[in-house]
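Scroll down for the structure; my scribbles are underneath it.
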Amino acid sequence: MAYQRARGTRDEFPDDLILIDRLERVARDLFRRYGAREIRTPFFEETRLFVRGLGEGSDVVSKEMFTVEREESSYTFRPEGTAGVVRAYVEKALHKTRPLQKLYYIGPMFRYEKPQGGRQRQFTQIGLEVLGSLDPLLDAEAIHLAASFFDEIGLSGVEARVNSMGDREDLEAFRGMLRAWAQPQLSARCEDCRMRFEKNVLRMLDCKVEQCRVLNASAPDILDALTPASRAHLDTVVSALRAVGRPVRVDPGIVRGFDYYTRTVFELHHPDLGARSAVCGGGRYDHLISELGGSDLGAVGFAIGLVPTIVALEKLGKAQIEIPRELDAFVCVLEGVPRQHGFVIVDALRNAGLAADLDHPEGAEGNARSLKAQMKSADRARARWAVMLGPDEQAASVVSVRNLESRTEAKVPQQPLATLHERIRGVGAA
RNA sequence: GUGGAUGUAGCUCAGUUGGUUAGAGCACCUGACUGUGGCUCAGGGGGUCGGGGGUUCAAAUCCCCUCAUCCACCCCA
């Protein structure tokens with residue numbers, strides 16, 4: 001194999017795109033109903049935007065960035081969508097003129113990490129960012145929208161898990177509580193937990209090792225560390241979701257990896273996905289706008305992973321796609337008739353709005369292939385009609401039209417060419 | 001980044017204790033069907049056995065390195 005895809009990338013062929021397009025259409029329609037509009041920001045930004053936005057200590061910034069150094073500048077391919085959208089929002093001064101914005105995006109993200117099933121170095125995210133408000137109903141709306149997406153694409157059984165990380169001060173206080181509580185039991189913990197104790201205490205709560213899970217049962221609850229305002233915020237989100245029939249589970253183990261998250265954080269999981277079960281993640285980020293130079297405004301957002309979603313659909317056997325008939329007419333020109341005549345007919349059909357194609361031999365000599373071979377191509381192209389042009393037809397100024405579905409056949413006059421498509425449509429019409 | 005598994009035709013896989021020209025099914029092309037697709041039958045094309053190096057009279061098979069994929073971990077969409 002001379003060349004192969006760069007590690008962690010995929011090619012999406014026409015048949016793959018049938019499903020992908022369907023998912024995108026569902027998402028766009030859902031966004032429309034929620035009043036969100038599309039935004040497209042560059043695939044790369046200045047590196048410092050991500051360092052500032054996601055936090056120097058985050059895994060993504062510390063070891064997963066695709067960075068290009070160019071003279072004095074450093075650029076990084078976006079590892080997530082939020083930082084770029086907030087940067088654009090502030091740069092355009094929307095925080096001053098039209099603060100409340102619901103923006104969505106569908107596009108590629110890049111992270112330099114070890115690929116695994118459902119995890120690539122280039123991957124597509126479908127994301128929403130609602131900027132300019134602290135309203136907990138927007139958190140509920142975002143979660144509901146994301147979960148509805150999975151309902152509508154037919155992926156049942158997705159579970160919404162929410163948690164609150166409080167505001168900055170709540171979180172710092174809680175980290176302190178957690179350290180004080182975990183310190184004496186470090187020797188009884190797994191190696192990873194001892195590392196987490198130093199690096200990110202919160203992650204200890206998410207440990208899967210049995211002995212650690214037992215210890216975690218008596219861990220302090222972040223909900224107890226929340227200020228009354230943060231607590232009320234979470235309660236409002238949960239209650240609003242229940243009011244619209246969206247089941248949610250409050251899960252103190254939900255701890256997200258970017259520094260910008262405050263208060264509400266959530267993930268949508270699919271139980272059949274194994275270790276990589278999250279199909280969507282998001283939360284509130286109430287200081288990022290000001291952090292990046294804007295006003296002090298709240299915001300909430302999420303990102304859905306397209307590949308994990310497709311993987312989940314495949315596991316449920318719901319990823320089969322029906323390949324539609326995309327071609328109307330396939331024109332076969334027989335030996336003895338110049339192929340240019342077929343070219344003219346195809347052109348007339350295309351101008352009339354039909355999807356039409358001509359049979360093309362591999363060689364450049366322009367010899368027509370056998371009718372059998374051309375018919376086979378017509379069948380494989382999933383054409384509705386085969387339009388045949390041989391010496392007999394040419395002499396009578398007609399074409400033979402075969403409806404490949406009903407297997408009925410008729411001869412119709414070639415002229416006038418401008419209305420030939422109507423006569424073709426009549427062959428085998430129900 | 002850590003640990004483990006895998007890698008033979010376009011696809012799914014056989015390949016006996018290392019032993020001559022590496023096989024099957026599906027797919028593809030051609031023919032039976034001398035102007036007609038899907039079914040059937042017959043024939044045909046297609047492989048540096050992921051790549052490189054080594055051991056050996058001899059390597060798809062044994063050893064080392066490398067690349068890629070998958071699984072678990074870290075983390076995450």
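Chain identifiers are assigned alphabetically (A, B, ...) following the order of the sequence lines, protein sequences preceding nucleic acid strands; residue numbering begins at 1 within each chain.
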May I ask you to say what [X] touches in the nucleic acid, namely base, sugar-phosphate or nothing, with a heavy-atom cut-off under 4.0 Å?
X        : value
A/Gln120 : base
A/Ala378 : nothing
A/Gly282 : nothing
A/Glu335 : nothing

Using the [atom1] atoms only, state how far [M] lies from [N], rounded to an integer number of Å.
N     : M     : atom1 : answer
B/G19 : B/U61 : C1'   : 11 Å
B/A58 : B/C71 : P     : 40 Å
B/C62 : B/U17 : C1'   : 13 Å
B/U2  : B/G45 : P     : 47 Å
B/G51 : B/G47 : P     : 13 Å
B/G7  : B/C13 : P     : 10 Å

| request: Taking only Lys NZ, Arg NE, NH1 and NH2, and the carboxylate oxygens of Asp or Glu, determine whether A/Glu172 and A/Arg175 approach each other closer than 4.0 Å. | output: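 Judged by the 4.0 Å cut-off on N to carboxylate O distance, A/Glu172 and A/Arg175 do form a salt bridge.
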Considering only [options], which nucleotide approaches the side chain of [X] most closely?
X        : options             : answer
A/Gln4   : B/U69, B/A68, B/G37 : B/A68
A/Asp379 : B/A72, B/G38, B/A77 : B/G38
A/Ala278 : B/A77, B/C67, B/C74 : B/A77
A/Leu334 : B/G35, B/C71, B/U30 : B/G35
A/Arg111 : B/C28, B/C75, B/C76 : B/C76
A/Met388 : B/A77, B/U36, B/C29 : B/U36
A/Pro115 : B/A72, B/A77, B/U69 : B/U69

Whole angstrom is fine here: how far is it from [atom1] in [X] over to [atom2] in [N]?
X        : N     : atom1 : atom2 : value
A/Glu405 : B/G37 : CD    : C1'   : 13 Å
A/Arg369 : B/U34 : CZ    : P     : 16 Å
A/Arg5   : B/G50 : CZ    : P     : 18 Å
A/Met375 : B/G35 : CE    : C1'   : 10 Å
A/Ile126 : B/A77 : CD1   : C1'   : 10 Å
A/Glu80  : B/C76 : CD    : P     : 12 Å
A/Leu371 : B/A32 : CG    : P     : 14 Å
A/Arg121 : B/U69 : CZ    : C1'   : 13 Å

On the side chain of [X], is there an atom forming a donor-acceptor pair with the base of [N] - under 3.5 Å, no angle test?
X        : N     : value
A/Arg119 : B/C75 : yes
A/Lys376 : B/U36 : no
A/Glu409 : B/U36 : yes
A/Gln122 : B/A77 : no

Using a cut-off of less than 4.0 Å, is there contact between a side-chain N or O of [X] and OP1 or OP2 of [N]?
X        : N     : value
A/Arg256 : B/A77 : yes
A/Arg7   : B/C70 : no
A/Lys372 : B/G37 : yes

| Can you find a heavy atom in the side chain of A/Val331 that is under 4.5 Å from one in the side chain of A/Val399? | no
| field | Members of residues 389-403 of chain A that approach RNA chain B, where some heavy atom sits under 4.0 Å away | value |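 Nucleic-acid contacts, sorted: A/Asp392, A/Glu393, A/Arg402.
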| Using Watson-Crick and G-U wobble pairs whose two distances are both under 3.5 Å, how do you write the pairing of RNA chain B as dot-bracket, with | for links to another strand? | (((((((..((((.....[...)))).(((((.......))))).....(((((..]....))))))))))))....
| message | Can you pull out every ring pair (Phe, Tyr, Trp, His ring centres under 6.0 Å) where at least one residue sits in residues 100-141 of chain A? Sequence neighbours excluded, please. | response |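 Listed by first then second residue: A/Phe31-A/Tyr104, A/Phe66-A/Tyr112, A/Phe77-A/Phe110.
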